[in-house]
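Throughout, residue positions are numbered sequentially from 1 according to the sequence presented. A quick note: this is a predicted structure, and the numbers were derived from the prediction, not measured.
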Amino acid sequence: QVAMNTTVAASTGGIVVFGIQYSILRKYDVVAMCNGILAGLVSITAGCGNVETGSALMIGLLGGIVYKFSATSVEKLGIDDPVDA
């Protein structure tokens, strides 16, 4: 179950960020998707053994959304972040 929750959260985070980025730019952005996967993995790390799969999906979704809007905020504030992660 731990491996499944980790995979579900990571893939959900990646898909969410990919969709948000595509809806904004109308271009496919694989780098943003990889950062979304990373955000999903970070989000599920603490609770991967204690949550159900549906909760892991929601955790990955929220992690991707939080990452995308925080990365946008950092960019608008003019803070230098070369990796954007």
Side-chain angles (χ1 to χ4, degrees):
Q1 180 165 354
V2 171
M4 184 170 64
N5 286 345
T6 303
T7 304
V8 166
S11 59
T12 303
I15 290 169
V16 164
V17 172
F18 188 76
I20 292 171
Q21 193 72 7
Y22 181 76
S23 68
I24 293 171
L25 299 177
R26 294 290 181 216
K27 294 181 183 177
Y28 299 117
D29 191 354
V30 178
V31 174
M33 184 178 74
C34 291
N35 285 332
I37 291 170
L38 183 62
L41 288 170
V42 169
S43 299
I44 195 65
T45 298
C48 66
N50 300 323
V51 298
E52 296 296 324
T53 306
S55 300
L57 188 123
M58 292 305 296
I59 290 170
L61 181 119
L62 290 174
I65 291 170
V66 167
Y67 158 72
K68 180 58 192 155
F69 289 112
S70 64
T72 303
S73 298
V74 165
E75 185 178 327
K76 284 185 179 181
L77 290 172
I79 300 171
D80 185 28
D81 186 14
V83 181
D84 193 31

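Taking each heavy atom of Thr6 and Cys48 in turn, the nearest pair found is OG1-CB, 3.9 Å. Residue Lys68 comes nearest to Ile20 through the heavy atom pair CG-CG2, 3.6 Å, listed as atom of the first residue, atom of the second, then distance. In this structure, Ser11 and Val8 approach most closely via the heavy-atom pair OG-O, 3.1 Å. When all heavy atoms of Val16 and Ile65 are compared, the closest pair comes out as CG1-CG1, 3.8 Å. Ala9 approaches Ile44 most closely through the heavy-atom pair CB-CB, 3.5 Å. Between Gly63 and Ser43, the shortest heavy-atom distance links the atoms CA-OG, 3.2 Å.
Follow the hydrophobic side-chain contacts under 4.5 Å out from Leu57 and you reach Met4 in the same cluster.
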What donor-acceptor contacts under 3.5 angstrom involve side-chain atoms of residues 26-34, with partners at least two apart or in another chain?
{"unit_1": "Asp29", "atom_1": "OD1", "unit_2": "Val31", "atom_2": "N", "d": "3.3"}
{"unit_1": "Asp29", "atom_1": "OD1", "unit_2": "Ala32", "atom_2": "N", "d": "3.4"}
{"unit_1": "Asp29", "atom_1": "OD2", "unit_2": "Gln21", "atom_2": "NE2", "d": "3.3"}

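Side-chain atoms of Gln1 come within 3.5 Å of backbone N or O of Val51 as a donor-acceptor pair.
The shortest distance between side-chain heavy atoms of Asn35 and Val17 does not fall below 4.5 Å.
Rounded to the nearest 0.5 angstrom, Thr45 OG1 and Asn5 CG are separated by 12.0 Å. Taking OG1 of Thr12 as the reference point, atom CD1 of Ile37 lies at 10.5 Å (rounded to 0.5 Å). Here the CG-CD distance, from Asp81 to Glu75, works out to 9.5 Å after rounding to the nearest 0.5 Å.
Under the rule for a side chain to side chain contact (heavy atoms under 4.5 Å, CB included), the partners of Ala39 that lie at least two apart in sequence or sit in another chain are Tyr67. Here Ile15 pairs with nothing under the side chain to side chain contact (heavy atoms under 4.5 Å, CB included) rule; sequence neighbours left out.
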